[in-house]
There are 2 protein chains.
Amino acid sequence: MERTDDLGALVFRLGRRLLAMEQPILARHELSMWAYAVLTGLRDGPMRTQAALAASIGADKTRLIPVLDDLQQRGLIEREPDPTDRRVRLLGLTTAGRQTHQSIEADIRSGEDEILASVPEQDREAFIRTLLALSPR
Amino acid sequence: MERTDDLGALVFRLGRRLLAMEQPILARHELSMWAYAVLTGLRDGPMRTQAALAASIGADKTRLIPVLDDLQQRGLIEREPDPTDRRVRLLGLTTAGRQTHQSIEADIRSGEDEILASVPEQDREAFIRTLLALSPR
DNA sequence: TATTGTTATACTCTATAACTATA
DNA sequence: TATAGTTATAGAGTATAACAATA
């Protein structure tokens with residue numbers, strides 16, 4: 001298949017388009033993209049350190065801290081020292097955090113479906129399969 | 001097809017991976033990503049205004065200016081006032097600019113092929129086809 | 001008065017390194 | 001001494017608005 005632009009440019013533009021779609025949804029919940037990434041990172045279970053969470057979502061641990069401060073203060077995550085090693089913070093979603101995540105996720109999924117609507121079913125499946133295979137972590 | 005993470009996260013991560021692959025190639029030529037985007041934008045022919053070029057590569061016109069200054073000074077682009085409207089700058093690649101672009105493009109293409117190597121032919125074609133369909137402009 | 005390009009500036013994002021508290 | 005988390009800070013990237021030159 002002949003390509004005109006490089007893959008990087010195409011992926012970059014699609015990323016911007018997806019971000020533009022997600023931005024108003026996140027703004028309605030007053031959450032940043034990284035805050036939403038944190039909720040997603042904790043969706044499948046608690047984490048034992050902030051560094052592990054940061055690595056799992058591809059963020060720097062230092063820039064996660066104000067995000068975690070905010071999410072904790074708003075009651076969307078739990079964050080308490082591990083009694084067996086008080087350097088460590090145990091992280092998990094609260095019920096409110098889980099609900100917020102699910103609500104945002106549903107809206108984002110709708111937006112994605114709209115964007116993907118014009119793509120034939122077979123290509124759509126191959127596209128997502130390839131994306132999963134090529135995205136690190 | 002069931003998705004675990006949202007499309008945005010997957011596209012974002014793939015974008016970072018592609019950028020990491022391109023960075024050392026561009027560094028060898030001492031060019032930024034935007035400088036390369038400019039060369040790509042002029043590859044298929046000259047442009048009549050800087051604003052048009054900026055729009056065509058999805059950049060802000062103000063942040064293109066230092067990039068154009070540098071490319072012009074290094075003899076990779078031509079940039080001269082339109083005699084019929086001296087507000088306008090006519091933009092085009094020099095021979096050196098075209099050669100530089102082709103050299104970088106070939107290296108980037110190799111890097112992409114490596115990344116795509118593990119993806120089955122059919123999926124790879126559907127992936128690129130879908131990317132072209134979904135990337136604005 | 002409108003348009004192209006330019007400059008200045010302020011704002012955000014990000015990474016680095018230094019610091020604290022525990023172990 | 002090593003590790004988890006935190007803070008401070010500097011650097012890069014970006015957007016906004018003001019400005020100069022043409023039309």
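So that the names make sense, note that chain A is the first sequence line, chain B the second, and so on, each numbered from 1. This one's a predicted model, so the numbers in the text were calculated from it and none came from an experiment.
- Rounded to whole angstrom, the span from the CD atom of A/Q72 across to the P atom of D/dG5 amounts to 13 Å.
- Sorted by first and then second residue, the salt bridge (charged side-chain N to carboxylate O under 4.0 Å, His left out) pairs involving residues 92-103 of chain A (not counting sequence neighbours) form an empty list.
- In this structure, the CG atom of B/L68 is 10 Å from the C1' atom of C/dG5, given to the nearest Å.
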Let me check something: any side-chain donor-acceptor pairs from residues 34-42 of chain A under 3.5 Å, sequence neighbours excluded? List them with distances.
unit_1: A/T40; atom_1: OG1; unit_2: A/Y36; atom_2: O; d: 3.0
unit_1: A/T40; atom_1: OG1; unit_2: A/H101; atom_2: NE2; d: 3.0

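- Judged as a salt bridge (charged side-chain N to carboxylate O under 4.0 Å, His left out), the pairs with a partner in residues 18-30 of chain B (not counting sequence neighbours) are, in order, B/R28-B/D107.
- In this entry the distance linking CZ of B/R89 with C1' of C/dG5 reads 6 Å, nearest Å.
- Residues B/L53 and B/L68 meet the side-chain proximity criterion, which asks for heavy atoms closer than 4.5 Å.
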Readout for nucleotides 12-23 of chain C: B = base within 4.0 Å of protein heavy atom, S = sugar-phosphate only, - = neither; 5' to 3' it is --SSBB----BS
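- D/dA4 atom P lies 15 Å from atom CZ of A/R79, rounded to whole Å.
- Following rounding to the nearest Å, B/M47 (CE) and C/dT4 (P) show an atom-to-atom distance of 15 Å.
- With sequence neighbours excluded, the residues forming a side chain to side chain donor-acceptor pair (under 3.5 Å) with B/R48 are B/D82, listed by chain and number.
- B/E80 has its CD atom 19 Å from the P atom of C/dT4, to the nearest Å.
- Atom-to-atom, CG of A/L90 to P of D/dA4 comes out at 13 Å; the value is rounded to the nearest Å.
- The side-chain contact (heavy atoms from CB on, under 4.5 Å) check on A/T62 picks up A/D60, with sequence neighbours excluded.
- One interatomic measurement links the two molecules: CG of A/D69 to P of D/dT6, which rounds to 7 Å at whole-angstrom precision.
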